[in-house]
Each structure stands twice: as C-alpha cells, then as structure tokens.
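Here's the structure, in structure tokens; my notes come after.
Here is the naming used below: chain letters follow the sequence lines, and residue numbers restart at 1 for every chain. The shown structure was predicted, so the numbers you read here are calculated from the model rather than taken from an experiment.
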Protein chains: 2
Amino acid sequence: MTSSVRLPSRTNQVLSRHGIVAEVTALLDAGGEEALTVRALAERLSTGSGAIYYRVGPRSELLNAATETVVEDVLARPGRGVSPSQRIRDLALGLFDAVDEHPWLATQLVNQLTRRPWGAVTMGIFETIGSAVRSMGIPRPRWFDATATLVHFILGALSQNARTEPESSDPGAGPDRGEFLSSVSIAWRALDPDQFPFLHEIADDAAEHDDRQQFVRGISTILRGIEVASDAPTEQEQGASDA
Amino acid sequence: MTSSVRLPSRTNQVLSRHGIVAEVTALLDAGGEEALTVRALAERLSTGSGAIYYRVGPRSELLNAATETVVEDVLARPGRGVSPSQRIRDLALGLFDAVDEHPWLATQLVNQLTRRPWGAVTMGIFETIGSAVRSMGIPRPRWFDATATLVHFILGALSQNARTEPESSDPGAGPDRGEFLSSVSIAWRALDPDQFPFLHEIADDAAEHDDRQQFVRGISTILRGIEVASDAPTEQEQGASDA
DNA sequence: ACCTGAACACCGTTCAAGT
DNA sequence: ACCTGAACACCGTTCAAGT
C-alpha cells in the first residue's frame with residue numbers, strides 16, 4: 001500500500017535557476033543594467049516576481065549569477081602549456097572580449113572584486129593571475145603587489161572600455177564606439193592649446209587608436225615593469241610628497 | 001519717479017547651487033550613493049524637490065557636480081617644479097586619498113571617465129598625467145598608450161580600494177578596512193591548497209599589506225615599464241593567442 | 001525668478017493565498 | 001514544494017500653482 005516508490009513526485013517546478021539567469025543575461029545584453037527589472041524579467045519568463053525570489057534571490061543576486069556565469073566561462077579556458085605571461089594576456093583578453101560582448105559586465109566585475117572576495121569570480125581571477133606571476137620567477141615578496149597591479153589595471157581598462165552609452169548631449173553620439181571616439185577627438189582638438197596642450201595635441205590618436213591593442217600593450221608595459229623590478233631591489237619608492 | 005536704480009531686486013533666491021552640492025557631498029559621505037535621494041536632500045535643505053531640479057538638475061547631475069568639486073580640488077594642487085613622475089604620483093595619491101575620504105567617488109570617477117570625455121574631470125586628469133608623460137622623454141607615439149595605461153591602473157585601484165561595505169554575509173565584516181582584509185585573509189587561508197594554491201599561500205600578505213603603499217608601488221612599476229620601453233622599440237607584442 | 005509639493009509612473013521586495 | 005500577484009514602501013521627475 002504505502003509502497004512509496006518515490007515517483008518523480010509530480011514536480012511542479014517549471015522554472016530553473018539556469019533558465020532565469022540566461023534570461024537575465026539576455027535582458028542585460030539588450031538594454032544594460034537599467035533594463036534588468038524584476039518585473040520585466042518575470043514577464044519574459046511568464047511568471048510572477050515572487051518566483052524569481054524563490055529560485056534565485058533578490059536583484060543583486062541576479063546580477064551576481066549572470067556575472068559568475070560569464071566570467072567562469074572565461075576562466076575555464078585551457079591555458080595549459082602557455083607561458084605565464086601569455087596566460088595573463090589570455091585571461092585579460094578573454095575578460096576584455098567578454099566585456100565587449102556584455103558591456104554591463106565591467107561594472108559587475110568591479111562590484112564582485114571589491115565586495116565579494118569570497119566569490120568564485122574574485123578568487124578565480126586572483127588565483128589565475130597570481131599563479132602565473134609566481135611562475136614568472138619574481139621574488140616571493142613581490143607576488144602580491146604584482147598581482148594586484150595587474151588586476152587593478154585590467155579592472156580599470158575594462159571599465160573604461162565598456163561601451164556604455166554616453167550621456168546624451170552634444171553631438172549625436174550613438175552607442176557606436178568609433179563614432180564616440182571620433183567625436184571625442186573633435187572635441188579635444190577644439191580645445192584651447194594653452195589650457196589643454198596635451199589633449200589638443202593627442203586628439204588624433206584618440207580617434208585612431210584601437211582599444212584592444214592599447215589594452216594588450218598596457219599589459220605588456222606592466223609585465224615589463226614587474227620583470228625589471230626583480231633586478232633593482234628596494235629603491236626608495238615610498239609615499240611621494242606626503243607633506 | 002521711475003528712476004529704477006536697480007535695487008538688489010528683492011531676490012527670492014534662498015538656495016544656491018553651491019550649498020546644494022555641499023549638502024549632496026555630506027549625504028554621500030554619510031551613507032554612500034544610495035543615501036542620496038532627492039527627497040532626503042530636499043528635506044535637509046528644507047525645501048521642495050522641485051527646487052533642486054531648478055538649481056542643479058536631476059540626480060545624475062547632483063552626482064556629477066559633487067564629483068567635479070572634489071576632483072577639481074585635487075587637480076588644483078600646485079605640482080610646479082616637481083619631476084614628471086612625481087607629478088603623476090602626487091595626482092594619483094591625491095585621488096587615492098580623496099576616495100579614501102569619499103568612498104562614493106570611485107564609482108563616480110569611473111562614470112565620468114567613461115561617459116563624459118568632455119567633462120572637466122576627464123580632461124583634467126588626462127591633461128595632467130599626459131603632459132607629465134610627455135615631459136618624461138618618451139617617444140611621441142607612445143604618449144597616448146602610456147597615459148591610458150596609467151589612468152586605467154589608477155581607476156582600477158581606486159575602485160578596488162574604495163571602502164564600500166561588503167555584502168553583509170559570512171563573518172561580521174564591518175566597514176572597517178582592517179577587519180575586512182583580515183577576514184579575507186582567513187577565508188583564503190582556509191581554501192583548499194590544491195584548488196587555490198596561490199591564494200592559500202598569499203593569505204597572510206592580504207591581511208598585512210597597506211593599500212596606499214601597494215598603490216604607490218603599482219604606479220612605480222608602471223612608470224618603470226614605460227621608461228624601459230623607450231629603449232626597446234617595436235618588439236612583437238601583438239594580439240596574444242588570437243586563434 | 002524662484003520655490004512648493006501633490007501627482008505620476010515607475011521601482012524592489014514581501015507574503016498570504018493558492019496548487 | 002512551488003508559484004501567483006496584490007500590497008507596501010519606496011524611488012526620480014514633472015508641473016500647475018503660488019510668491
């Protein structure tokens with residue numbers, strides 16, 4: 001009678017966490033962070049807002065989950081056999097391209113790195129870069145600084161290159177990166193050369209430069225600085241003009 | 001009779017833009033970005049919300065104005081006579097300390113740098129660092145890259161060091177940076193050494209390091225990388241493993 | 001000119017109620 | 001267990017109305 005065979009138990013579940021997160025990503029990709037509202041998400045999933053809280057959690061958790069999914073995909077890429085500096089470049093470029101595809105990711109990456117040191121994203125990025133730094137033959141007391149420097153640069157560069165649409169104002173600056181840069185270039189060239197000599201002179205470079213290439217060169221510059229430092233030990237590089 | 005002497009014109013103005021922005025900063029300092037609501041601001045100024053829109057603009061403009069005020073104060077500091085690299089360090093540290101005092105500033109700085117290239121903040125920072133880079137004797141084609149690398153690093157480091165309170169979870173992590181770092185250290189040390197060898201080994205450094213010193217050393221590392229590159233011209237540092 | 005504050009169109013989140 | 005969706009406590013912004 002009560003032979004309870006543990007039937008598939010007539011599951012009422014019709015919503016999966018995975019499916020929700022996929023929809024979150026779609027919403028973010030289409031309209032940026034502001035487009036992610038619990039209501040919009042619920043509607044696209046043909047459900048009530050409560051179901052989302054039940055399956056995933058509050059809005060912040062939706063963002064975390066989407067971020068983790070994207071970043072873990074980047075972190076999972078092989079990277080075996082390549083040199084330490086190449087491994088760093090590969091991860092950095094992987095993240096760069098991920099932000100290119102998902103502009104909302106830059107801000108979320110910063111959030112995770114600063115507020116969730118226990119999270120898979122923070123730990124994965126630090127571990128990958130850190131272990132590569134260690135393999136570079138740098139003296140151990142410098143490992144942490146070198147890793148932090150690389151992570152900070154990557155974070156800043158991703159933030160700046162994330163193609164968030166600029167504040168609508170001035171000339172019709174579309175969400176197109178090329179147009180954007182060329183309008184910046186024009187604005188800078190028009191500056192008073194006495195007040196902004198550098199920007200005025202560099203205006204052309206802003207229009208013509210390639211973000212991705214500049215990013216790679218930045219990584220190279222930092223790696224060079226790290227390697228060179230291994231030879232010249234403790235020079236006096238204290239706290240600048242501290243007053 | 002109608003000798004209209006242009007009296008002080010019985011001004012009804014009781015609210016100044018300056019006073020509003022000062023109150024915005026106070027609100028942000030006390031409770032972070034989420035504490036800045038138009039309603040809270042209006043109440044502290046004993047006025048209606050409409051008055052704020054009349055004097056300054058929408059909420060985003062309140063944030064911009066507060067950011068500009070703080071950053072322009074940092075940019076205005078002398079910097080005459082000091083060496084180019086010292087000028088860069090001074091500005092970077094000035095921004096670092098400003099973020100320390102105003103944690104909300106980090107995010108706003110990123111916003112301005114990425115979305116308001118015409119703004120005083122973006123232009124001031126790029127001009128100051130760029131002209132210092134130019135004075136360092138670097139070949140002209142490298143000016144833009146070098147400047148961008150420095151700005152990106154500064155941006156990333158400020159973001160990461162901004163003492164935003166972490167997501168409340170896990171051990172009682174207060175808004176105190178020291179406690180925060182030491183709890184991170186404990187968590188990292190507890191990690192499986194097989195899965196996270198680097199983090200496990202570096203755990204102590206995380207607890208003991210000084211953010212500000214690490215920041216300065218990061219700047220030095222990058223400056224070194226930039227200077228060294230001037231000797232070794234166009235090596236092949238293209239696009240990593242582009243597939 | 002300058003300010004008021006109610007009204008509008010949204011939010012995220014909760015939770016009794018249903019199945 | 002899983003989901004619904006009304007209700008609650010907020011938002012930013014606008015704008016007729018006042019002085």
* Asked: Reckon B/Y53 has a side-chain N or O less than 4.0 Å from the OP1 or OP2 of D/dT13?
  -> yes

* Shortest side-chain distance from B/R59, nucleotide among D/dT13, C/dT14, D/dC3 -> D/dT13

* To do: Can you spot which of B/D29, B/T67, B/D97 makes a side chain to side chain donor-acceptor pair (under 3.5 Å) with B/H102?
  => B/D29

* Asked: Between C/dG12 atom P and A/I52 atom CD1, what is the distance in whole Å?
  -> 10 Å

* Nearest whole angstrom, please: distance from the P of D/dT13 to the CG of B/L41. => 12 Å

* To do: Return the value, rounded to whole Å, for the distance between atom CD1 of B/I20 and atom P of C/dC2.
  => 12 Å

* From C/dG12, D/dC3, D/dT13, nucleotide with atom closest to A/R55 side chain -> D/dC3

* Can a side chain N or O of B/Y54 be found less than 4.0 Å away from OP1 or OP2 on C/dC2? -> yes

* Over how many whole Å does the gap from B/L62 atom CG to D/dT13 atom C1' extend? -> 12 Å

* To do: Starting from the C-alpha separation in whole Å, work towards a yes-or-no answer on salt bridge (charged side-chain N to carboxylate O under 4.0 Å, His left out) for B/E72 and B/R77.
  => CA-CA 9 Å; B/E72 244 146 37; B/R77 311 231 250 259; over 6 Å; no

* Structure fact -> From CD of A/E43 across to P of D/dA6 the rounded distance in Å is 14 Å

* To do: Using a cut-off of strictly less than 4.0 Å between a heavy atom of the residue and any atom of DNA chain C, enumerate the qualifying residues of residues 27-39 of chain A by number.
  => A/L36, A/T37, A/V38, A/R39

* To do: Say whether, by atom type as modelled, one donor and one acceptor occur between the side chain of A/T107 and the main chain of A/W104 under 3.5 angstrom.
  => no

* To do: Provide the Watson-Crick or G-U wobble partner of C/dC10, both distances under 3.5 Å; none if there is no partner.
  => none

* Flag, side chain of A/H200 to backbone of A/L191, donor-acceptor distance under 3.5 Å -> yes

* **Proximity of A/F215 and A/F153 rings by center, below 6.0 Å** => yes

* State whether the side chain of B/Q112 and the backbone N or O of B/T122 hold a donor-acceptor pair below 3.5 Å, judged by distance alone. => no

* Asked: For A/R17 and D/dA1, what is the distance between atoms CZ and C1' respectively, to the nearest whole Å?
  -> 18 Å

* Can you tell if the side chain of A/E23 reaches within under 4.5 Å of the side chain of A/H18, non-hydrogen atoms only? -> no

* Paired with D/dC15: which nucleotide, if any, by Watson-Crick or G-U wobble criteria at under 3.5 Å for both distances? -> C/dG5

* Take atom CG of A/L15 and atom C1' of C/dT19, then tell me their distance rounded to the nearest Å. => 16 Å

